[in-house]
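Structure provided below as structure tokens; questions to follow.
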Amino acid sequence: MKLFLTILALSLTACGEPPKPLDEGDAPPQAVQNPHREGGGAGPLDAGSLGEMPQDSTHAAFASPGSASNPHGSGAVAGEAYGGVVRLTGERATRRDAYLFVSVVPAGTSMPLCFDRLDLSEESLGEMDGDVRIVPFSYTSCAPHDGDVELKVQFDIDGYVETKQEGSLVGRFPVERGDTQIDVTLE
């Protein structure tokens with residue numbers, strides 16, 4: 001047993017000292033380096049450099065339409081914005097132990113172009129107008145799609161979109177592409 005404790009003690013000390021929290025006077029940890037920054041990685045990664053596409057031949061195929069490295073506009077296409085409100089009526093308006101799934105889908109399908117799972121237990125989610133709960137939603141850029149689209153709204157008890165439970169309800173509403181003034185009622 002003494003040998004085991006000695007081996008255990010040696011193995012623990014071999015790992016070095018445990019990490020300590022930084023005190024106010026300690027130097028900050030090294031900044032993460034950005035390999036895509038001009039100059040071969042010099043300079044820290046910061047919010048201004050996130051998402052910047054290198055302007056070289058390797059990355060040209062991924063450039064945005066109409067950019068300097070992709071002047072012909074081929075490649076990725078920006079998506080459309082959608083937004084508005086979903087109105088919940090009856091028991092669904094006051095129910096707090098449920099979820100609301102809101103998605104923009106190609107008409108007749110269930111594959112979302114953009115999607116939200118909203119927890120109705122959050123007091124700040126939506127507002128009551130009489131006996132109707134008005135829940136806002138907003139998407140800045142859904143995946144691009146050329147055909148008709150629908151807003152699919154699902155009131156769901158357990159928070160899993162695929163399960164079907166008593167009290168759950170799904171509504172599908174045709175919407176105009178890029179509509180940011182959608183107003184639908186799930187009843």
Side-chain angles (χ1 to χ4, degrees), residues 18-26 28-32 34 36 44-53 64-65 76-187:
K20 298 177 191 171
L22 290 176
D23 292 329
E24 287 184 34
D26 290 341
Q30 288 289 67
V32 175
N34 181 353
H36 291 291
L45 182 67
D46 57 25
S49 66
L50 291 176
E52 292 177 5
M53 183 67 65
S64 299
V77 178
E80 296 171 309
Y82 291 89
V85 297
V86 174
R87 297 173 188 273
L88 300 174
T89 61
E91 179 188 332
R92 290 178 192 85
T94 56
R95 189 130 187 208
R96 298 287 181 189
D97 63 339
Y99 298 85
L100 189 65
F101 293 95
V102 180
S103 56
V104 175
V105 298
T109 73
S110 291
M111 183 56 74
L113 302 172
C114 44
F115 175 87
D116 265 331
R117 177 182 179 257
L118 307 172
D119 185 344
L120 295 174
S121 68
E122 293 181 25
E123 293 290 327
S124 63
L125 181 63
E127 61 183 46
M128 293 298 292
D129 181 16
D131 61 348
V132 176
R133 186 173 183 182
I134 303 171
V135 181
F137 67 94
S138 178
Y139 305 108
T140 57
S141 181
C142 291
H145 179 69
D146 290 330
D148 294 335
V149 293
E150 297 175 326
L151 184 72
K152 180 181 175 191
V153 180
Q154 181 172 341
F155 179 88
D156 192 84
I157 305 301
D158 66 1
Y160 296 98
V161 74
E162 293 299 320
T163 61
K164 307 297 181 228
Q165 292 185 322
E166 187 175 333
S168 293
L169 180 65
V170 177
R172 297 178 75 103
F173 308 91
V175 295
E176 296 294 321
R177 289 184 37 214
D179 189 352
T180 58
Q181 301 295 316
I182 299 169
D183 190 336
V184 297
T185 302
L186 188 64
E187 48 187 353

Taken to the nearest 0.5 Å, the spacing of R133 CZ from R92 CZ works out to 13.5 Å

Please answer whether the main-chain N or O of D156 pairs with a side-chain N or O of S168 as donor and acceptor at a distance below 3.5 Å.
no

So L88 and V135, side chain to side chain contact (heavy atoms under 4.5 Å, CB included) or not? Walk me through it.
CA-CA 8 Å; L88 300 174; V135 181; 4.3 Å; yes

Looking at every heavy atom in both L169 and E187, which two are closest together, and how far apart are they?
CD2-O, 3.5 Å

Minimum heavy-atom distance V102-L151, with the two atoms named
CG1-CD1, 3.8 Å

When you compare the side chain of S110 with that of K152, does any pair of heavy atoms fall below 4.5 Å?
yes

Which value, rounded to the nearest 0.5 Å, describes the distance between R117 atom CZ and Y160 atom OH?
7.0 Å

Would you give the length of the straight line joining atom CZ of R87 to atom CD1 of I134, rounded to the nearest 0.5 angstrom?
4.0 Å

For residues S103 and P112, report the shortest heavy-atom separation together with the two atoms involved.
CB-CB, 3.9 Å

Minimum side-chain heavy-atom gap L100-D116 below 4.5 Å:
no

Check the pair V153, V170 against side chain to side chain contact (heavy atoms under 4.5 Å, CB included), reporting the backbone distance first and the verdict last.
CA-CA 6 Å; V153 180; V170 177; over 6 Å; no

Salt-bridge test for R96 and E123: reply yes if a basic N is under 4.0 Å from a carboxylate O, no otherwise.
yes

Atom pair CZ (F173) and CG (D183), whose distance is rounded to the nearest 0.5 Å
10.0 Å

Should the pair R95-D97 be classified as a salt bridge under the 4.0 Å nitrogen-to-oxygen rule?
yes

Could you tell me the separation between the OG1 atom of T89 and the CZ atom of F155, rounded to the nearest 0.5 Å?
10.0 Å

Minimum side-chain heavy-atom gap I182-E176 below 4.5 Å
no

Report yes or no: does R172 contribute a side-chain atom to a donor-acceptor pair with the main-chain N or O of V105 at less than 3.5 Å?
no

State whether the side chain of R177 and the backbone N or O of Y82 hold a donor-acceptor pair below 3.5 Å, judged by distance alone.
no

In terms of heavy-atom contacts, D131 and A93 come closest through O-CB, 3.4 Å

Strictly distance-based, threshold 3.5 Å: is any side-chain N or O of D129 a donor or acceptor partner for the main-chain N or O of V132?
no

If I compare all heavy atoms of V149 with all of H145, which pair ends up nearest, and what's the gap?
CG1-CD2, 3.8 Å

Verdict with reasoning, Y99 to L120, per side chain to side chain contact (heavy atoms under 4.5 Å, CB included)
CA-CA 5 Å; Y99 298 85; L120 295 174; 5.7 Å; no

